[in-house]
Every structure is written in structure tokens, then in C-alpha cells.
Amino acid sequence: MSIKVRIRFSKTGSMKFLGHLDVMHFFQQLMRRSNIPICYSEGFSPHQKMSFALPLSTGLESYGEYLDIETERSIPSKQALFMLNSNSVEGISILSYRELKEKAKNAMASVALADYSIRFREGYEADFDLKKKLDELLNEDEIRVLKKTKKSEKELDIKPFIHKYQCLEDENGYLIRLRLSCGSVDNTKPELLLKALYDKEKKDLDKYALMITREQIYTIEDGNIVSLEDMGLETE
Amino acid sequence: MRKLALSDEILLEVDKPVRYIGNEVNSIVKDKEKIKLRYAMCFPDLYEIGMSHLGIKILYDMFNSFEDVWCERVYSPWIDLSRIMKERKIPLFALESQDAVKDFDFIGITLQYEMCYTNVLQILDLAMIPFYSRDRKDDDPIIICGGPCTYNPEPIADFFDIVYIGEGETRYRELFDLYEKMKAKGFDRKSFLHEAAKIPGLYVPSLYEVLYESDSLNSMIESVKPLYDDIPSRIKRELVINLSDTYYPKKPVVPFMKVTQDRIVLEIMRGCIRGCRFCQAGMIYRPLRERSLESLKKYAVEMIKNTGQEEISLSSLSSSDYSKLPELVDFLIDYGRDAKLNISLPSLRVDAFSLDVMSKVQDIRKSSLTFAPEAGSQRMRDVINKGLTEDDILSGCREAFLGGWTRIKLYFMLGLPTETEEDIRDIAILSDKIARLYYDLIPKEERHGRVQIVASSSFFVPKPFTPFQWAKMDSKEDFLNKARTVNQAMKEQLNYKSIKYNWHEADVSRLEGVFARGDRRLASVLINAYKKGAVFDAWSETFNEERWLQAFEEEGISMDFYVSRERDINEVLPWDHIDAGVTKDFLIREWEQAKKGSVTPNCREKCSGCGARSYGGGICYEH
């Protein structure tokens with residue numbers, strides 16, 4: 001009987017330029033270098049049983065990336081973390097390795113919410129009172145944005161998808177924290193809110209202005225918000 | 001954390017930024033304060049091409065095993081990034097440290113194909129280093145090259161300070177010691193290069209004078225002579241005689257992105273016994289030297305552990321000639337079963353053994369078998385000394401069809417010396433014979449549709465140090481007419497519906513031919529074409545023939561002089577001062593044998609006295 005395992009990792013620094021395919025490729029090899037007893041499919045070119053929660057756009061950093069694997073046997077979390085991290089690279093750290101219940105939903109199907117933090121890149125700071133204007137925008141009944149997909153453009157209200165909002169100011173400038181709906185249904189990109197604000201202020205938001213970090217991904221279990229890693233348990 | 005040479009905005013703007021950030025598993029970062037010599041190892045093409053190259057992996061590993069040296073990697077920035085770097089004056093940088101390579105001690109560039117020459121200029125340009133060796137100052141890096149194109153380095157000789165002739169394992173330590181010694185005393189570029197020219201295998205082009213018969217740009221070379229009498233008049237190729245007892249990269253760098261050859265490479269031997277007369281590699285890597293079975297097993301296991309890669313590939317010019325091949329393949333299949341390892345076996349002769357192995361390592365229904373008859377008629381195959389008869393091909397195909405294969409790939413060349421229309425049409429006839437064999441052999445009820453035969457032809461380019469180095473090359477029109485003749489002949493065959501024929505473009509082949517056998521007068525054409533925008537000429541999307549034709553015209557240089565005439569065996573060839581190991585007498589003998597269509601036995605059957613015996617090892621001493 002194979003064991004389901006959930007792995008949380010961070011992707012920071014220069015590693016933010018890895019595309020999703022590169023990340024998958026990296027983890028396939030990392031499993032092999034670390035001697036994780038991962039399960040393979042049958043056939044002439046066997047594939048590892050591995051799936052990722054939610055692809056991260058190139059250029060974003062994250063402390064809340066997830067993948068699920070199936071292993072042939074249980075190994076202690078501490079040992080697995082040690083093996084994975086000693087075979088990884090600077091910028092990709094394995095943060096947790098936990099076993100899931102047999103019937104647990106996979107990471108991709110579990111995704112419901114995600115936390116993001118946003119800062120402005122040096123030289124692209126807002127030239128208006130961002131906190132005040134953002135507070136005002138969030139107090140309105142709806143926040144309409146133009147959402148572009150490959151096929152069409154449509155206007156939609158993203159207010160219902162913003163679950164938490166906070167804007168702070170420190171020595172590095174503004175820090176905006178958001179909790180947004182995400183996953184296959186109501187996937188909301190964090191830059192959409194800022195885009196809506198800049199549109200309202202009749203200003204241009206440069207495509208490189210924002211530095212976005214994904215902090216965590218959550219599921220909803222019996223009405224409770226639970227991080228994806230907390231769906232699993234550490235093993236001794 | 002490392003600071004990248006490029007800003008976030010640039011990296012997000014360009015295609016595949018992962019090419020430029022380094023930080024891969026097994027890449028090596030050293031403390032700058034503790035090293036004496038910085039070396040930038042460059043493959044002048046895209047990252048995903050260059051990262052597959054074995055030679056660089058070997059030298060990267062070897063140089064970094066030296067405590068005083070830090071070797072880093074550099075690849076050609078694609079045209080999107082190179083435009084930005086030029087505009088914003090961002091100097092070319094090495095992947096590991098992200099430091100500008102113009103501050104390094106050496107930049108080593110591997111020359112694997114002639115069509116990378118404009119990329120060499122792009123590298124120098126972006127690095128902000130003068131194109132010509134003579135214009136460089138004491139604080140510019142030493143620009144050195146290696147690889148197969150160095151057997152005629154003349155077209156690019158003016159751009160290099162040193163040309164390393166032969167296998168890199170042997171002389172770099174000596175060169176580094178010399179450099180460090182002279183750097184400690186206050187560096188003088190000229191005297192360093194003069195001293196370097198005394199090290200065997202190192203050719204310093206600026207110290208050799210080329211004289212022509214006249215001032216005309218179409219005149220022949222009269223002589224190539226060293227300027228000093230304490231440096232050799234001919235530079236002899238270096239090689240490693242005992243391959244089991246040398247460097248091997250057990251921890252090769254693992255790229256993040258899927259590269260062209262995303263696999264572990266196990267080099268099983270160097271050199272080739274076959275002696276195909278068109279093949280430069282078969283001549284310039286002589287004699288055949290095998291790595292021991294035991295060391296290969298050990299390397300394979302270590303590399304599998306250290307890289308996590310899922311596929312291993314055996315590398316050599318003709319893997320079937322490796323004497324311990326069955327043992328090695330058995331070991332890999334056994335080991336690979338548990339490690340879930342795919343095994344790829346390129347350059348195998350198709351016979352009962354190889355079919356058995358292939359049926360174990362790949363899905364027969366999905367894979368195709370490859371034959372390289374190179375020519376359609378037996379006469380032509382004898383001219384090129386292919387050592388393959390029609391019987392060999394047909395019996396290989398018979399075994400393959402009985403084993404369940406239904407897809408066959410065939411490789412041919414057009415424009416070979418002495419070629420007639422009949423030879424060309426035989427390409428179609430041979431393809432059809434293979435199809436007929438299938439339909440005769442496999443009863444209707446056991447067939448899964450048609451047999452699929454894909455025949456491809458490329459155009460023959462004569463290369464230095466081959467018996468065909470004197471041969472005339474076809475014109476573009478000749479090439480295309482020949483391809484059309486084959487195509488027409490294919491349509492006349494009984495089984496034409498089972499055969500697909502395609503052929504390569506002819507314009508690149510011709511340029512390749514010019515630079516393969518060119519001389520120093522071509523340097524100006526290269527710079528002219530580069531200034532017109534020629535770069536990445538090996539890529540069909542960036543190659544532009546018009547630019548090249550203009551560059552040749554403006555420089556007053558005729559391409560025909562280099563490719564469209566048969567050269568006399570008494571003519572001084574631009575590469576005559578390079579000694580590749582095979583003697584000119586041998587090449588002349590082979591050229592004459594070719595014209596008579598007579599075959600020369602391979603090195604295991606009988607020594608043909610090519611000259612490689614002078615190295616004192618390898619197959620030459622196995623009898």
C-alpha cells in the first residue's frame with residue numbers, strides 16, 4: 001500500500017525565475033538524489049507519482065509551495081527533510097514533509113485560499129497615498145476588474161474573493177497582505193486588486209512594479225481554514 | 001545570497017531566464033579570495049545546447065579539482081538578451097559568480113561546428129574584448145579555443161590567442177602554472193604567449209606567419225612558418241593514452257531546464273576503427289582507446305546518485321565496437337531496473353545483439369531503428385569506405401521486422417566524390433528494397449499498417465584531415481538538383497507510399513564548407529557578416545544567406561575558391577602546420593583508394609598505417 005506524502009517548499013531569490021516545468025523537473029531529480037522511495041507508474045518509461053498544488057507564475061517568490069508524492073514506505077519526516085534539503089539548491093528549501101490520510105484529497109483539489117504579500121520594487125513606488133486609497137477601494141461594495149483570459153476579456157467583481165486585507169508601511173515602503181480565493185474555480189491573482197486601484201486613480205501600473213510572494217495555501221475542511229501542510233502529520 | 005548580473009525586469013522580459021541564472025545542482029562556487037586563476041568556459045550557443053556537451057563537463061570538473069582555479073560557464077545569450085545587453089552596456093558574465101568575464105584570466109571557447117563562428121564574435125563583443133588577438137592588452141583575458149574545428153583553426157585564428165590542439169586533459173595544468181608564474185612577475189602578454197607556444201599541443205596563431213603566392217585574394221598559400229625558431233613548425237595533437245586513468249566528471253552540473261540531451265553521458269571510448277573517408281571525427285580522434293568496464297560501471301553508479309537524472313546514454317563514435325559492450329549493457333539494465341533508469345544506445349550497428357538489447361530498453365512499437373548507409377549504391381559505399389554491404393542492411397532490417405519494428409530511419413549523403421546519377425537513384429531503390437522485404441516477410445494478418453521508412457539526406461561537406469579534404473564540393477544548384485532526383489526516383493518506386501524522403505537546406509552546408517577548409521583571409525568576412533547581424537547561424541530561424549553573400553562580396557572573397565575546385569595534393573593546405581596524428585601520406589593513399597572504389601579494412605582487421613601508432617597506445621598496440 002503506497003503512502004501519500006505532502007511536501008511544502010519555498011522558492012526564493014534567483015529560483016523565482018524557474019518556470020513550473022523546471023520546478024517539476026527539479027523535484028523529480030531531487031527525489032532520486034535524496035533516495036526518497038517514491039512510487040513509479042508501470043511501463044517502458046515509468047513516471048514518478050507526483051503532483052503539484054498550484055503552479056506559481058515565473059517571477060513570484062513563495063514560502064507556500066506544495067506537492068504531493070506517493071512513497072513505497074514511511075520515512076521519518078526529519079530524515080526526509082534532511083535528505084531533501086542536503087540535495088537541494090539555494091533558494092529551494094523543503095519546509096515540511098508530512099504523511100496524509102489514505103483518503104485525503106490531493107493538494108491540487110484541496111486548494112481554496114492563498115495568502116500573498118506584495119511590495120513595490122525599488123523605483124516603482126506609488127506616488128500617491130496608497131494606504132488611504134486602498135482602504136477606500138476595499139470599502140466599496142464591489143471592485144470591478146477586467147479579467148483577461150486567452151480567449152476573451154470579461155469584467156468581474158473581485159471583492160467576494162478577497163478574504164483578508166492589510167496594508168502596512170515600514171522602512172521598506174508599503175507591504176500589502178492579502179488572502180484570496182484560488183484554485184480552479186475563483187482563482188484571483190493578487191495584482192488584480194492593485195490594477196483596479198491604479199485604474200481608478202487613472203495611473204499606470206508598470207508590469208514590473210510589484211514584487212509578490214505567496215506565503216501559504218489553505219483548504220477548507222468542515223468550514224475551517226486549514227493550511228495544506230496541516231492536513232498531514234509529521235512522522236517519527 | 002548571490003546577486004544576479006541581470007535585473008529582475010530584464011530576466012522577466014527575456015525568453016527562458018533560467019538560462020542565465022546559474023545555481024544548478026553540482027555547479028561550483030569558490031571563494032574568490034582563495035583562488036589564483038579564473039577561467040570562463042564557453043560553449044558559443046544556447047545554454048540548452050551547450051549544457052549537453054561532454055567535453056566541457058570533463059574540463060569543468062578537472063579545472064575545479066585544482067585548488068587554485070575556479071572554472072565557470074558561459075553560453076551565448078539569445079538575440080533578445082544580447083540586444084538588451086548591447087543597449088544597456090551590460091558586460092557578458094559567467095553563470096556561477098555572475099561576474100563579468102572580461103575580468104577573468106582565461107576565456108576558453110569550444111568550437112564544435114563552423115556555424116558558431118559569428119557566435120564567437122558575439123561572445124567577444126558582449127564581453128567587451130577586442131575581436132583581434134593583436135588588439136588585446138595585458139589585462140584582457142587570454143582567449144583560447146578547443147574542439148574539432150581547431151584542426152583547421154585558420155579562419156578564426158586571428159581571434160584567438162591560443163588554440164589548443166587535441167584533448168584538454170593533458171596540457172592545461174602546465175599552461176596554468178606558466179600563467180601563474182608569469183602573472184606573479186608582472187604580466188606581459190607577448191612573452192606569455194611565446195612561452196605558451198612551447199608547450200606541446202598549443203598553437204599561438206600570432207606567432208606563425210602565413211605567406212601567399214600573390215596579393216590576389218584568390219591566391220594559394222605558399223607557406224606557414226613560425227616567427228621564432230624555439231617554437232615548433234608543426235603543432236601535434238595532444239591526447240590521453242590511458243582513458244581509464246584520467247579525469248571523469250562524477251558530479252556533472254544538472255540543468256534546471258530540460259536541455260537537448262537531458263541525460264547522464266557515459267563516454268565509453270574515444271576514436272573509431274572504421275575509417276569512413278568522409279568522417280573527420282573518425283580520423284582526428286585516432287587511435288581507438290577504450291575506458292575499462294570497471295571504471296565505467298563505477299562512474300555510472302556515482303553519476304546516477306549525484307545527478308538524479310533518469311536516463312543514461314553511452315557516448316562514442318560507434319558503440320558496437322566497444323569490446324565489453326554486452327557486459328556493460330547487462331550491468332546497466334540490471335542496475336537500471338531498480339533505479340528506474342532509461343538507457344539510450346545511440347550509434348549501435350543493427351544486428352541480433354543490438355536488437356535484443358533495444359527490445360529490453362525501449363518500446364518497440366514506439367521506437368524506430370536507424371541505419372546510416374550514407375550512400376545508396378554499393379559502389380558509392382565502397383568509395384566512402386563505409387564498410388557496410390547491402391546484405392548487412394537488409395539482414396539487419398529482416399531481424400528488426402521479425403522483432404516487431406516497423407519504423408526505419410535511413411541517413412544518406414548527397415554530393416560525395418565520384419557520385420553519379422545512378423548512385424543517387426539507388427537511394428530510392430534501397431529504400432524500396434527495405435519496404436519490399438517487410439511486405440514479403442510479414443504476412444498481411446500480422447502487419448500493423450504500413451512499414452514506415454524515413455530517408456533523409458544531407459549534403460556532403462569535405463573536412464580537413466579526411467581523405468576527402470581535397471575534394472570539390474557541389475554547388476547549391478547541384479545539391480538541390482540531386483535532392484530532386486532522389487525525390488523523383490522515390491515516387492517511381494513500388495512502395496513509395498511507405499517511404500518519406502526529406503533533405504537538408506543547401507545554403508548553410510556551403511558556408512560550412514568554406515569555413516571548414518578556409519584560411520585567415522576569411523576573418524574579415526566573419527566580422528563583416530557579424531556586423532550585418534549574422535549570429536546563431538546554426539539556427540534556421542536566425543540564419544540569413546543574403547547577409548553572408550554580401551559580406552563575401554564586400555570583402556572581395558570568393559566562396560568558390562574554397563569549395564568549388566578539387567585541390568591538388570601538392571597544394572599547401574591552410575591546416576598543414578597542424579599535425580592531427582594521421583599522416584598526409586595516409587590521407588593521399590586513402591584518397592586514391594576512394595577514387596578506385598576500393599575498401600580499406602578497419603583497425604581491428606588490419607593496420608592501415610595511418611600514423612596514429614606514433615602515440616604509443618590504444619588499438620594500435622592490441623595485436
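In the text below, chain A, chain B and the rest are named by the order of the sequence lines, each starting its count at 1. These values consider heavy atoms only, across backbone and side chains, with no hydrogens, waters or symmetry-generated copies.
Of all residues in residues 113-124 of chain A, those placing a non-hydrogen atom less than 4.5 angstrom from a non-hydrogen atom of chain B are A/Arg121, A/Tyr124. Residues from residues 253-260 of chain B that place a non-hydrogen atom less than 4.5 Å from a non-hydrogen atom of chain A comprise B/Val254, B/Pro255, B/Phe256, B/Met257, B/Lys258, given in numerical order.
Side-chain contact annotation: B/Asp351 with B/Ser354, donor-acceptor N/O pair under 3.5 Å present. No side-chain N or O of B/Gln261 forms a donor-acceptor pair with one of B/Ser52 less than 3.5 Å apart. Looking at A/Tyr40 and A/Gln48, their side chains do bring a donor and an acceptor atom within 3.5 Å of each other. With hydrogens and angles left out, the side-chain atoms of A/Thr188 and A/Ser181 include no donor and acceptor closer than 3.5 Å. A side-chain N or O of B/Asp45 and one of B/Trp539 form a donor-acceptor pair less than 3.5 Å apart. For the residue pair B/Trp405 / B/Ser367, a side-chain donor-acceptor distance below 3.5 Å is found, with atom types taken as modelled.
Most heavy-atom pairs under 4.5 Å with chain A: of the set B/Asp262, B/Val25, B/Leu341, B/Asn306, this distinction falls to B/Val25. With respect to chain B, the highest number of heavy-atom pairs below 4.5 Å among A/Met211, A/Gln29, A/Met15 belongs to A/Gln29. Chain A forms more heavy-atom pairs under 4.5 Å with one residue of B/Val18, B/Asn23, B/Ile21 than with any other, namely B/Asn23. For the set B/Glu13, B/Glu24, B/Lys16, the count of heavy-atom pairs under 4.5 angstrom toward chain A peaks at B/Glu13. If you tally non-hydrogen atom pairs under 4.5 Å between each of A/Gln28, A/Arg32, A/Lys207 and chain B, the highest count goes to A/Arg32.
A cation-pi geometry, defined here as NZ or CZ lying under 6.0 Å from the six-membered ring centre and within 45° of its normal, does not hold between A/Arg6 and A/Tyr97.
For A/Phe27 and A/Phe9, the ring centers are positioned less than 6.0 Å apart. In this structure, B/Trp78 has its ring center no closer than 6.0 Å to that of B/Tyr47.
Proximity to chain A (any heavy atom under 4.5 Å) is restricted, for B/Thr307, to the backbone atoms N, CA, C and O. Only the side chain of B/Leu4 comes within contact range of chain A, with heavy atoms under 4.5 Å apart. Both the backbone and the side chain of B/Asp8 come within less than 4.5 Å of a heavy atom of chain A. In this structure, no portion of B/Asn26 lies under 4.5 Å from any heavy atom of chain A.
At a threshold of 4.0 Å, the pair A/Lys203-A/Asp127 counts as salt-bridged, since one of the basic side-chain nitrogens sits closer than that to a carboxylate oxygen.
Using a 4.5 Å heavy-atom cutoff, the side chains of B/Lys305 and A/Arg33 are not in contact.
Around atom NZ of B/Lys250, more than 12 heavy atoms belonging to other residues, nucleotides or ligands sit under 6.0 Å away. Atom CD of A/Glu102 is surrounded by 12 or fewer heavy atoms from other residues, nucleotides or ligands within 6.0 Å. No more than 12 heavy-atom neighbours from other residues, nucleotides or ligands sit within 6.0 angstrom of CZ on A/Phe82.
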